[in-house]
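Take a look at the structure set out below.
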Amino acid sequence: MQDSLILEVANIETDVLTGVYSEETGRPQPLRISIAVALQPQAEFAPDTPLSASKNYMDLKFAATGGLPQGVHFTLIESIGDQIAETLFLQDARVESVTVKIVKLAISEAGEDIGMTLTRHRRG
């Protein structure tokens with residue numbers, strides 16, 4: 001059995017220009033984004049293991065906030081997921097896969113999570 005390391009940042013709330021319908025376009029929508037990144041782990045993580053042996057969790061948060069291009073309208077939230085995954089793949093060659101869950105907060109009527117989950121694996 002192969003070891004795995006999954007780093008996670010959950011429930012980041014941010015506003016992003018997204019949507020298909022006319023009432024959605026031209027203004028940011030609130031989204032809740034969760035990200036899980038698979039890395040090949042070291043054989044062991046000792047108490048004094050440096051951060052360079054893993055990945056800074058704040059890189060995941062940045063990919064969902066500051067890493068998204070400003071002023072760009074994403075028609076589908078799937079394309080936001082792709083943008084986040086690509087940012088994380090470019091940041092670190094050790095990233096094997098990225099899973100992004102996006103919930104559209106503005107369309108919830110009774111607290112339900114409405115959105116999508118996208119998983120991308122490093123190609124090539």
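Count residues from 1 along the sequence. Fair warning: this is a prediction, and the values are worked out from it, not measured in the lab.
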Does the side-chain contact (heavy atoms from CB on, under 4.5 Å) test come out yes or no for Arg120 and Phe89, once each step is laid out? CA-CA 10 Å; Arg120 292 285 191 212; Phe89 286 135; 4.0 Å; yes

Do the non-hydrogen side-chain atoms of [X] and [Y] ever get within less than 4.5 Å of each other?
X      : Y      : value
Phe74  : Val16  : yes
Leu68  : Ile84  : yes
Lys101 : Val103 : yes
Thr18  : Thr75  : no
Ser4   : Gln40  : no
Thr99  : Ile35  : no
Val98  : Thr119 : no
Ser34  : Asn11  : yes

Measuring from atom [atom1] of [X] to atom [atom2] of [Y], what distance do you get when rounded to the nearest 0.5 angstrom?
X      : Y      : atom1 : atom2 : value
Leu105 : Gln29  : CG    : CD    : 9.5 Å
Ile107 : Glu112 : CD1   : CD    : 8.5 Å
Arg94  : Ser52  : CZ    : OG    : 7.5 Å
Thr65  : Leu31  : OG1   : CG    : 12.0 Å
Asp59  : Leu88  : CG    : CG    : 7.5 Å

Any chance you could lay out the side-chain contact (heavy atoms from CB on, under 4.5 Å) test for Leu60 and Met58, step after step, and finish with the verdict? CA-CA 5 Å; Leu60 280 64; Met58 297 308 288; over 6 Å; no

Side-chain ([X]) to main-chain ([Y]) donor-acceptor, under 3.5 angstrom:
X      : Y     : result
Ser54  : Leu51 : no
Arg122 : Val95 : yes
Glu44  : Ala46 : no

Using side-chain contact (heavy atoms from CB on, under 4.5 Å), reason through Glu8 and Ile6 one step at a time and then give a plain yes or no. CA-CA 6 Å; Glu8 299 177 83; Ile6 308 294; 3.9 Å; yes

Strictly below 4.0 Å, N to O, side chains only: are Asp113 and Arg32 in salt-bridge contact?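 Answer for the salt bridge query: yes.
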
Apply side-chain contact (heavy atoms from CB on, under 4.5 Å) to the pair Gln91 and Phe62, showing each step before the final yes or no. CA-CA 11 Å; Gln91 277 181 355; Phe62 173 80; 4.0 Å; yes

